[in-house]
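Order of listing sets the numbers, starting from 1, for every ligand and every atom in it.
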Amino acid sequence: MYIVTSEQMRSIDEHTIHTLGIPAASLMENAGRAIAEEVIRLCREEQRPGGAVRVGELKKRQSRAHTGPGDWPGRGGDITADSALAMEQPGDQQWYMLIGKGNNGGDGLVAARLLLEAGLGVTLVYADAPEALRGEAAVQRDAAAQLGIPALVHGREAVDFSRCTGIVDALLGTGSRGAPRGAYAALIEAANDSGKPVVSADVPSGLNADTGEVFEPCIQARVTVCLALLKRGLVQYPGASVAGRIVVRAIGIPTRLAPEHGSSVRLLTDEVLRRALRVDTSRLRVPDGHKGTYGHVLLAAGSLPMSGAGLLSAKAALRAGCGLATWALPAALLPHVIGTVPELMLAAAADGDSGEWNAASADAVLRLAESRDVLATGPGLGRFKGDTDWLRRLWQQTDRPLVIDADALNMLADAGPHGPRDWGKRSAATILTPHPGEMGRLLGISTPEVQRDRMEHAVRYAREQGVTLVLKGARTVIATPSGEAYINTTGHAGMATGGAGDVLTGIIAGLLAQGLSAEQAAAFGVYLHGEAAERAALLRGDPSSLLTGDIIDAL
Ligand SMILES: NC(=O)C1=CN([C@@H]2O[C@H](COP(=O)(O)OP(=O)(O)OC[C@H]3O[C@@H](n4cnc5c(N)ncnc54)[C@H](O)[C@@H]3O)[C@@H](O)[C@H]2O)[C@H](O)CC1
Ligand SMILES: [K+]
């Protein structure tokens, strides 16, 4: 499922209408129909919570199941109405349709006509004077007027939302710029205050469709009927938290146009993992495999105050399926961790009995890396004198896939104004796994600035630096050197617990060791990490009590 910006959507719309010749009126009709169908679906759910089937309906279904009058020759066959737009008890539904002056409003006008047709009560509420509508929206305005659909104009007539059972938000779509103004703001606030369920056309009005930034005020939708292609702002927080249930509905625009019009971001689903990323889990174990077949991970991690981080990463790498894992750690720590994970091999890095890393240990790490398949570093490393140069040597002097996390990212942030690209392009995969704070340090901007447009920052950094970047957080972004990106949807807030990032580093390293590419290991690793956290929370019954070790056990 491709994810688009407003500009990419506009370009795809343009191509569809003016090059493919599909009339804008058809697109708007399809959009309005999709919105109407989702309103009716919501009404049904409200009428019959849990979707209980009525006895009458059951009987009707049974009667159709057997031969009977409908099958007798010469008898009129079954004649049914279009069920998606029909309701058993439409009469008690009164829907207020908030209509903006653009095409979003046009979609809402089509939906109003179709809901009226289905027997629901509808009232139009124009934000601007109806005369302000242009083009296809004006055509729909006139059709609604000729059908005698009641219309109120904000500012001319009072709008009493207590009289309605639901609201369609067709005020602002991808043409919205900045915070809602004037009548738009007033109607958004009144709709939110009414407590009635709101179905938003395309995007909730007041949401930045590109970044997910929520302006004040912004519709809090129960359902967002996203048209043709998923908009970026719906899958990034805080936008994701105002959208409610998101239903992406086809309206006749060929979605395969998305990549041709600049969209390189996809929702990371099981299907995308298998089809686009070609992750084939059946190849992760072969009948005649042996420990060497599945790779050997070297973790250079942990220090006196944070030895656990190294342990968690190394254990996660084994759980992710690598054949062998060696944990290189400061010599003073080694005696204390012997036997904690018997499956783990340990290697001491000379530390002058300090329990801390030092610049001279780079030689030992490089030597160990020669007989390992993947090198991961960062978790619990701590900072030490000459550490950026220490990392530069690992970057430049090993041709192994390299996973850089936590403090190693902070060392990277000191690599200079152009970032690590000054260290030269690596022949092997390089994966960085920053959380927003570490990303801010890599970019030299604040964490809120990173969060204001996560996707854009991740895509640009990965492409400029030639690395695979995993920008962690709610809806983790995986961005590749080629400009492709994926938005993860597994996991939950319970993962905001100490060590979760260390585990992700281990999982990604463990997958790289089994021969997955950087893109596959990063995407599949993030997906698995979230899935495992979901399963762990189910086992414990509550995400807030989750410990990172539970995620490893659930892997
Ligand atoms: N062929 C198509 O393009 C299709 C579009 N679809 C729908 O159209 C909207 C995009 O419509 P557009 O006319 O570009 O803009 P909007 O309706 O989103 O904007 C309304 C209008 O409001 C004014 N405005 C902008 N920002 C603000 C603000 N902050 N406060 C107040 N007023 C504002 C401005 O004048 C805009 O023109 C898209 O989302 C779809 O819903 C169809 O889906 C079919 C194909
Ligand atoms: K809207």
Point to revise | Interatomic spacing from CZ in F524 to CG in N488 - rounded to 0.5 Å | key: 11.5 Å
Check your understanding: Who's the nearest protein heavy-atom neighbour of atom 34 (C) of ligand 1, and how far?
Key -> K101 CE, 4.1 Å
Practice item. Report the nearest protein non-hydrogen atom to atom 44 (C) of ligand 1: residue, atom name, distance rounded to 0.1 Å. Key: I251 CD1, 3.8 Å
Review point. Among the heavy atoms of S176, does any lie under 4.0 Å from an atom of ligand 1?
Key: yes
Practice item. For G178, counting its heavy atoms only, list the atoms of ligand 1 lying under 4.0 Å from any of them. Key: 29 (N)
Review point. Would you say the side chain of V122 lies within less than 4.5 Å of the side chain of L124, judging by non-hydrogen atoms?
Key: no
Practice item. Measure T174 to ligand 1 on non-hydrogen atoms and call it side chain, backbone, both or neither using the 4.0 Å cut-off. Key: both
Review point. Which angle, to the nearest 10 degrees, do you find at the K ion (ligand 2) between OD1 in N104 and O in D169?
Key: 90°
Point to revise | Neighbour count above 12 (heavy atom, 6.0 Å) for R163 CZ | key: no
Check your understanding: N104 side chain to G175 main-chain N or O, any donor-acceptor pair under 3.5 Å?
Key -> no
Practice item. Quick one: sort the H15 and H261 rings into parallel, tilted or perpendicular, breaks at 30° and 60°. Key: perpendicular
Point to revise | Under 3.4 Å: N/O/S of S176 next to the K ion (ligand 2) | key: no
Review point. Does G175, backbone or side chain, put an N or O under 3.5 Å from an N or O of ligand 1?
Key: yes
**Study point:** N or O contact, G173 vs ligand 1, cut-off under 3.5 Å
**Key:** yes
Review point. Under 4.0 angstrom from ligand 1, any heavy atom of A24?
Key: no
Revision key, fill the gap. The O(L172)-the K ion (ligand 2)-O(V203) angle, to 10°, is 90°
Check your understanding: What is the closest protein heavy atom to atom 1 (N) of ligand 1, and at what distance does it sit?
Key -> I17 CD1, 3.3 Å
Review point. Any idea which atoms of ligand 1 are less than 4.0 Å away from a heavy-atom of G102?
Key: 13 (O), 17 (O), 20 (C)
Practice item. Measure the shortest side-chain to side-chain distance between L120 and M87 over non-hydrogen atoms and say whether it is less than 4.5 angstrom. Key: yes
Practice item. Indicate whether atom 39 (O) of ligand 1 is within a distance of less than 4.0 angstrom of some protein heavy atom. Key: yes
Check your understanding: Measuring to the K ion (ligand 2), does G100 have an N/O/S atom at a distance below 3.4 Å?
Key -> no
Exercise for review: Please confirm if an N, O or S atom belonging to G173, backbone or side chain, lies less than 3.4 Å from the K ion (ligand 2).
Suggested key: no
Point to revise | Heavy-atom side-chain proximity of E438 to N410 below 4.5 angstrom | key: yes
Point to revise | Shortest protein heavy-atom distance from atom 17 (O) of ligand 1, along with the residue and atom involved | key: N104 N, 3.0 Å
Point to revise | Expected output: side-chain R141 to main-chain P130 donor-acceptor under 3.5 Å | key: yes
Check your understanding: Can you tell me if G100 has a non-hydrogen atom under 4.0 Å from ligand 1?
Key -> no
Check your understanding: Considering only heavy atoms from C-beta outward, does the side chain of R113 approach that of E29 to under 4.5 Å?
Key -> yes
Check your understanding: Got the closest protein heavy atom to atom 3 (O) of ligand 1, with its distance?
Key -> D13 OD2, 2.8 Å
Exercise for review: Verify salt bridge (Lys or Arg N to Asp or Glu O under 4.0 Å) between E7 and R10, making sure each step is shown before the conclusion.
Suggested key: CA-CA 5 Å; E7 182 41 39; R10 196 201 52 70; 2.8 Å; yes
Check your understanding: Tell me: protein heavy atom nearest atom 30 (N) of ligand 1, and distance?
Key -> R181 N, 3.1 Å
Review point. Of the choices D107, N103, I22, which has the non-hydrogen atom that lies closest to atom 42 (C) of ligand 1?
Key: D107
Check your understanding: Nearest protein heavy-atom contact for atom 29 (N) of ligand 1: which residue, which atom, what distance?
Key -> R177 O, 2.9 Å
Revision key, fill the gap. dist K231:NZ -> I246:CD1 (nearest 0.5 Å) comes out at 10.5 Å
**Study point:** Distance in Å, L268 CG paired with M1 CE, rounded so as to fall on 0.5 Å steps
**Key:** 12.5 Å
Check your understanding: Any N/O/S atom of P204 sitting less than 3.4 Å from the K ion (ligand 2), backbone or side chain?
Key -> no
Exercise for review: Could you check atom 24 (N) of ligand 1 against the protein and tell me its nearest heavy-atom contact, residue, atom and distance included?
Suggested key: L172 CD2, 3.7 Å
**Study point:** Evaluation steps, side chain to side chain contact (heavy atoms under 4.5 Å, CB included), between R232 and E456
**Key:** CA-CA 10 Å; R232 276 195 183 184; E456 206 50 45; 2.8 Å; yes
Review point. Are side-chain N/O atoms of T5 and D210 paired as donor and acceptor at under 3.5 Å?
Key: no
Check your understanding: Say you draw a straight line from CG of L273 to CG of D280; how long is it, rounded to the nearest 0.5 Å?
Key -> 11.5 Å
Exercise for review: Of the side chain and backbone of L227, name the one, both, or neither that has a heavy atom under 4.0 Å from an atom of ligand 1.
Suggested key: side chain
Check your understanding: Can you name the nearest heavy-atom pair linking G501 to K472, along with the distance?
Key -> CA-NZ, 3.7 Å
Check your understanding: Counting only heavy atoms, which portion of R10 has something under 4.0 Å from ligand 1: side chain, backbone, both, or neither?
Key -> neither
Review point. So is A179 polar-close to ligand 1, meaning N/O to N/O under 3.5 Å?
Key: yes
